[in-house]
Amino acid sequence: MFNFPAKSSFVKKFFLLWLLLPASLSCATTIKDWFIFKQWHKYQFVYSDYQCATLESSINDAWAQAFKHKLDQHWTYLQSMTPFLQAITHDQIDAMGYCIETPINPAFAETIKKIYNDMDNNIPTLIRFFKKNNFCSSSFFLPQDTQRHLITIETYKRLAELLFPQLNAYEHNKVLFALANHFFEYCFDPATFSQHKKLLQNADYYPIVTFIYSIMWYALVNNGWQDWHANCLNQLKQEADQGKTIIYLAGGTDIYELINQGIYNIRVIDPFLPHQERFYTTGWRWLIQDEQGELGDIILFNAGKKKVYLKRVSHIQREPFLYKHPNNAILKAYKTITTWEIYDANHQKQGTVTFDRRPFYEQDIRTTPNTVVVLSYNSAMHIAAPDDMDGWGIDIASLDPACTLHIKQLRKPITKEHLAHMRITIPLCFHDLEFINLATNPL
Amino acid sequence: MKKIIVSITFFFTIQACSISAHHTTAEILFKKWNTSQKVFQASKDLTEFIKNIDPQTFLLLFQQAYQQSATRFEPFTPFLSYATQGLITSSGHHLSSLNSILLLEYVSYIHWLLEYDMPSFITLFHNTTQFANSTKISIDQEIDRNNMLCALLFSLYNKEEQHEYLFALANRFFEYCFHSATNNLFQTLFANKQAHHVIRFLYAIIWFKLAGEGWSCWSQESLTLLKKHHDEGKKIVYVAGGSDILQLLQSEIYNVTIIDPQLPSQPKYYIDSWEWLLKGDGDNYGINDTITLTTHSHATITLTRSQYNLSNETFNATLANNQTITLSQSTTTWEIHNEQGDYLGSYTFERRFIRQEDFAQPNTLFLMSFNELFFISATPSCNGWNIKPALFPSGDIFIIKQLSRPLNKEIIGNIRMANLMNKNDVKFIQLGSCIN
């Protein structure tokens with residue numbers, strides 16, 4: 001058990017009171033992790049890889065009924081995909097409507113099993129299957145303005161729901177997170193990038209490429225911007241255990257899962273722009289001592305692999321930096337370095353979390369023997385993007401060929417080659433597909 | 001009475017037309033093309049070079065060219081050392097009449113690589129020219145230097161023959177960069193700053209030989225291909241073809257539509273009388289004007305202006321000085337007849353910008369110059385014409401007048417990607433840039 005001052009039992013009340021106090025009267029305080037990291041505690045998920053093939057045994061009569069139920073729910077959206085649905089259901093859906101047989105049509109069941117298998121192991125085969133089965137005949141495909149983008153994404157989300165009709169929302173998100181991972185690898189891995197490129201170079205295939213991007217965007221940005229892939233956390237833990245510091249670029253206050261996993265040497269480099277505070281936790285200003293906050297402040301972590309506490313040990317204010325507000329105003333903030341030390345229940349120091357408030361530079365993404373870099377999918381897209389496409393001015397070509405970046409939502413780290421492929425895809429997505437920017441902020 | 005008036009009016013109209021009709025010959029009208037336009041064999045076998053030159057002559061020319069610009073070739077010394085098997089080194093050269101046969105043989109190995117194994121040549125060039133990246137020179141200087149290096153490898157007395165080899169070499173480089181078999185290899189160069197000088201080398205040759213210097217040249221292969229498809233009944237649309245029709249007519253290609261805004265700010269790309277070709281003099285705008293021409297197979301043909309329609313529609317064009325002018329769309333048709341008066345076909349000049357929907361026409365080949373290939377492939381952010389190659393029909397339907405092989409939309413898509421990567425990362429000359 002921790003042996004903290006008695007005030008820890010009144011953390012919440014005290015914290016609220018403390019927020020009301022003038023800065024000069026404030027003093028070091030102790031709060032619990034769930035309070036300061038409430039957003040992560042409540043809404044952040046850690047997904048492990050999902051094998052759709054494990055659902056094969058459930059493709060039975062009940063599955064067919066659930067499929068029909070989903071059709072009833074989503075028909076207004078899915079009607080436009082009739083040619084594809086007709087092909088995969090073996091004519092149980094056509095222009096006149098749908099009639100799903102029970103007991104389940106064996107050919108239909110086999111087709112669904114094939115789709116599950118391809119989703120797990122073979123995206124190129126899945127794409128060929130889509131091409132062959134009228135996926136590109138979708139009549140709704142008009143991705144030219146925001147409203148249409150949303151209809152497109154919504155339609156494809158409902159299609160994905162239809163293909164997994166028995167899963168609850170959590171499991172469904174888990175499936176889409178895994179599928180988005182496989183799609184990401186298909187799009188940007190050196191082995192299959194040329195196939196992805198061919199889809200982008202031929203408007204006939206735009207419905208397929210839009211489906212891929214919709215799932216990726218929904219699962220990794222819109223719904224999944226805060227989530228972690230279990231593989232990524234495990235890989236970071238292994239690196240941390242070898243004594244490396246985790247450099248979390250544009251990581252904001254997203255350290256909750258890292259600490260719960262036992263990763264105790266973290267350096268977050270983030271400008272902490274106030275207009276982006278919805279991506280931080282509520283107490284972000286306190287965490288980086290932008291307001292209130294004192295040396296000696298303590299945060300208790302009780303939910304992780306090990307009970308630990310963070311203690312604020314230093315705060316340094318440096319020169320100011322300028323940033324651009326979305327309303328184009330140029331504003332000023334101060335570079336600061338706030339250091340929290342991590343102790344276990346026996347008050348043994350386990351490591352350090354440093355919040356380095358500043359814009360980041362190209363050298364920050366260089367992996368050194370003592371560091372490993374992690375960032376979110378969205379940030380990776382901004383790093384890869386050219387300057388005129390919301391890029392962050394990183395010269396990808398000059399990065400070390402051995403450069404490796406861990407992406408919190410992805411099961412495998414990415415390389416310089418992935419970034420180069422993303423860099424070329426982003427403007428083509430904008431100019432040709434005229435579809436949603438892959439790095440667009442969550443809605 | 002009414003009939004008489006009509007007849008008289010008709011008579012005078014005909015007279016007026018015949019009086020005002022202007023007659024000229026292709027020799028006069030297309031003088032610019034006659035004197036400056038070359039037709040090269042773009043698929044010329046580069047390994048033929050060794051067979052047609054005396055080693056002593058090659059040595060002399062090579063030595064001369066090398067010595068004249070030895071300092072500029074310095075960054076290429078390791079490459080030249082490899083190419084000459086040590087006859088050129090960083091401490092000087094050992095080129096002498098004693099080793100002329102060896103020199104030609106060594107250099108011909110480079111020719112062999114260029115002809116049959118471009119990926120190996122690129123690897124060799126990359127590995128032996130690393131420090132060419134470090135010296136900062138202007139884009140123009142780099143274009144010059146790279147072209148001088150290639151000219152050195154194909155040193156010839158006959159400059160036109162040398163030009164043809166280099167034109168063919170630019171074709172090989174183009175194919176390496178953008179054709180599907182090697183485009184992935186080429187794209188990896190963009191991701192590596194240490195390889196950007198290789199891209200600049202390739203672009204310097206491609207741009208100079210096919211656009212900068214070669215904008216008016218034709219490949220024999222493109223003319224042959226156009227003739228074949230024309231004879232099979234395919235429609236030919238010459239995108240931004242200006243008044244560049246001499247070679248087509250001489251090759252007996254008789255049905256072509258030219259879509260070009262014919263901007264007054266670009267006279268150097270047109271013939272002197274380009275305006276007359278579009279619109280003749282007089283009230284009827286030159287109906288019945290004629291041009292006579294002798295084809296390559298010595299047939300005499302006559303082009304007769306049969307139609308001129310001025311549209312109510314206008315279009316705006318931004319000139320090089322950023323001034324915006326408004327021009328009227330128009331259509332001019334020239335019918336072609338042989339000596340016996342048989343109708344052979346027609347050339348139609350549509351004065352307007354090309355549109356996306358023009359590319360959707362079935363059974364059509366799209367002819368364009370290398371510069372225009374860049375503009376249709378480039379995104380608006382790269383100064384492109386806002387055309388989307390992904391929407392083009394499938395098939396080898398694009399014939400580029402300087403290239404030996406037709407292109408499909410995939411290749412144009414590869415150029416589109418490369419334009420973006422060049423703009424964002426390499427920042428070298430864009431392939432469609434005009435000459436100064």
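Throughout, protein chains are lettered first and strands after them, A, B, ... in sequence-line order, and every chain is numbered starting at 1.
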What part of A/Phe430 gets closer than 4.5 Å to chain B, counting heavy atoms only: side chain, backbone, both or neither? neither
Ring centres under 6.0 angstrom apart (A/Tyr156, A/Phe135): yes
Answer with yes or no after comparing the ring centroid distance for A/Phe211 and A/Phe130 against a 6.0 Å cut-off, counting only values under it. yes
Side chain, backbone, both or neither of B/Asn386 within contact of chain A (heavy atoms, under 4.5 Å): neither
Using a strict threshold of under 4.0 Å (side-chain N to carboxylate O), is an ion pair present between B/Glu175 and B/Arg172? no
When heavy-atom pairs shorter than 4.5 Å are enumerated against chain A, which of B/Ile412, B/Asn183, B/Leu420, B/Thr188 gives the highest number? B/Leu420
In terms of heavy-atom pairs under 4.5 Å, which option from A/Ile396, A/Asp395, A/Thr425 contacts chain B the most? A/Asp395
State, without any angle test, whether A/His382 and A/Ser379 hold a side-chain donor-acceptor pair at a distance under 3.5 Å. no
Non-hydrogen atoms of chain A under 4.5 Å away: do they reach the side chain of B/Ser180, the backbone, both or neither? neither
Rounded to the nearest 0.5 angstrom, the CD1-CZ distance for B/Ile122 and B/Phe201 is 7.5 Å
Who wins among A/Gln201, A/Met389, A/Lys416 for the most heavy-atom pairs under 4.5 Å with chain B? A/Gln201
Answer with side chain, backbone, both or neither: which region of A/Ala397 has an atom nearer than 4.5 Å to a non-hydrogen atom of chain B? both
Check whether A/Asp432 gets within reach of chain B through its side chain, its backbone, both or neither, counting any heavy atom under 4.5 Å. both
Please classify the contact between A/Asp388 and chain B as side chain, backbone, both or neither, with a heavy-atom cut-off of under 4.5 Å. side chain
Please check if any side-chain donor atom of A/Gln409 sits under 3.5 Å from a side-chain acceptor atom of A/Ser376, or the reverse. no
Indicate whether any N or O donor in one side chain lies under 3.5 Å from an N or O acceptor in the other, for A/Asn202 and B/Lys409. yes
